[in-house]
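Notes for the one structure printed next.
Numbering of residues begins at 1 and proceeds along the displayed sequence.
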Amino acid sequence: MKRNDINVVLGLLLLAVGVALLAQNVGLFTPWENAVWTLLFIAGGVGFLGMFAVTPTNWWALIPGFVLLSLGLLSGLGDWAPLLAARWGGSLFLGGISLSFWAIYLARRAFWWAIIPAGVLLTLAVVAGLNPIASGAFAGFVFFMGIALTFGLVYLAPPAPARRRWAIIPAAAALAIGVLTIVTLPSMFNLLWPIAIIISGLYLVYHALRQTATGQPASRPDDTPAPHAPKV
């Protein structure tokens, strides 16, 4: 898509928003006000996503595209399911913005930096959804685990993960804080240590079955052959 075509799309979007604001201010579509804005947000989001689809070099268009679609979804839910919008509105909006950065990374694997806002926003979306039903300590645990996972993905993401060894530091710090947050809850600690035992048992069973399948039994200390005496 050429520069002039982009200007045309942006100009049409601004024109539609201006006309809608003018009509709203003079009271032309008061009964359908929310529905009109829902359609405008969705149309704007589709327009930006179409701009990216036509010219993938316009990766930046994914951000306003998903943001406007999220706003359109929230606006529509405000009419059709107000309780759902009130309960999950924050999570849906943050998740929509997060989706735009995930899409950028999937479209441009060299843009590893997009994982950071994508992971942080997705973590905030999950925390926002947990807030009414989970304790503050558990929400903090989920937040720090999300941050640790985000920077872990930054380290592992191609290309050349060795150049991003710095990402291990915030990942490890967030992981440690998250673990310290959750172990302070006695109820959670009583769940965690049995789970750790179960995981250890599953690992030992899996390791034994895998070695049996490959014909390589697990070595034991007494299986080590004795050294041969030197020949005279």
Side-chain angles (χ1 to χ4, degrees), residues 52 59-60 62-67 69-71 73-74 84 86-210:
F52 167 76
W59 55 267
W60 56 267
L62 291 169
I63 299 176
F66 281 102
V67 169
L69 285 179
S70 300
L71 289 174
L73 178 61
L74 285 179
L84 183 62
R87 173 66 180 83
W88 297 103
S91 295
L92 290 174
F93 182 66
L94 291 170
I97 303 176
S98 170
L99 188 58
S100 68
F101 287 100
W102 287 119
I104 289 174
Y105 174 68
L106 292 176
R108 294 290 188 88
R109 292 303 179 90
F111 291 179
W112 56 266
W113 54 265
I115 297 176
I116 299 177
V120 171
L121 288 167
L122 182 59
T123 300
L124 292 175
V126 174
V127 171
L130 288 175
N131 260 337
I133 59 175
S135 65
F138 183 74
F141 167 74
V142 173
F143 173 77
F144 285 111
M145 289 298 102
I147 298 300
L149 181 59
T150 296
F151 282 97
L153 290 175
V154 169
Y155 171 72
L156 295 174
R163 297 181 182 177
R164 295 188 298 277
R165 291 179 180 174
W166 57 267
I168 298 177
I169 299 175
L175 180 63
I177 296 174
V179 171
L180 290 175
T181 301
I182 202 65
V183 297
T184 58
L185 296 176
S187 59
M188 293 305 300
F189 181 75
N190 291 335
L191 292 176
L192 287 177
W193 73 265
I195 292 175
I197 294 176
I198 292 172
I199 293 174
S200 300
L202 289 174
Y203 171 76
L204 291 176
V205 171
Y206 166 77
H207 189 62
L209 292 177
R210 182 180 178 185

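Nearest heavy-atom pair across G96 and S70 is CA-OG, 3.1 Å. In plain terms, the two heavy atoms of G129 and S91 that are nearest each other are N-OG, 3.0 Å. Across G95 and A125, no two heavy atoms sit closer than the pair N-CB, 3.8 Å.
The CG atom of L74 lies 11.0 Å from the CG atom of L69; values are rounded to the nearest 0.5 Å. How far OG1 of T123 is from CD1 of I147: 5.0 Å, rounded to the nearest 0.5 Å. With rounding to the nearest 0.5 Å, the separation of CG in L156 from CG in L149 is 9.5 Å. Atom CG of residue L92 and atom CD1 of residue I97 lie 11.5 Å apart, to the nearest 0.5 angstrom. Expressed to the nearest 0.5 Å, how far CH2 of W60 lies from OG of S100 amounts to 13.0 Å.
The side-chain contact (heavy atoms from CB on, under 4.5 Å) check on V126 picks up L130, V142, with sequence neighbours excluded. Listed by chain and residue number, L94, V120, F143 satisfy the side-chain contact (heavy atoms from CB on, under 4.5 Å) test with L124 (two or more places apart in sequence, or in another chain). Residues meeting the side-chain contact (heavy atoms from CB on, under 4.5 Å) test with I177, sequence neighbours left out: F144, T181. When the side-chain contact (heavy atoms from CB on, under 4.5 Å) test is applied to L99, the partners found at least two apart in sequence or on another chain are F66. Take S98 and apply the side chain to side chain donor-acceptor pair (under 3.5 Å) test, not counting sequence neighbours, and it matches W102.
Contact annotation: the side chain of F101 approaches that of I63 to within less than 4.5 Å [non-hydrogen atoms, C-beta and beyond].
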Q: Before giving the answer on side chain to side chain contact (heavy atoms under 4.5 Å, CB included), spell out for I168 and F151 the whole-Å C-alpha distance, their side-chain angles and the decisive distance to 0.1 Å.
A: CA-CA 7 Å; I168 298 177; F151 282 97; over 6 Å; no
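Between the side chain of R165 and the main chain of Y155, no donor-acceptor pair closer than 3.5 Å is present.
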Extract all donor-acceptor atom pairs below 3.5 Å that involve side chains of residues 105-119 and protein atoms in other chains or at least two apart in sequence.
none

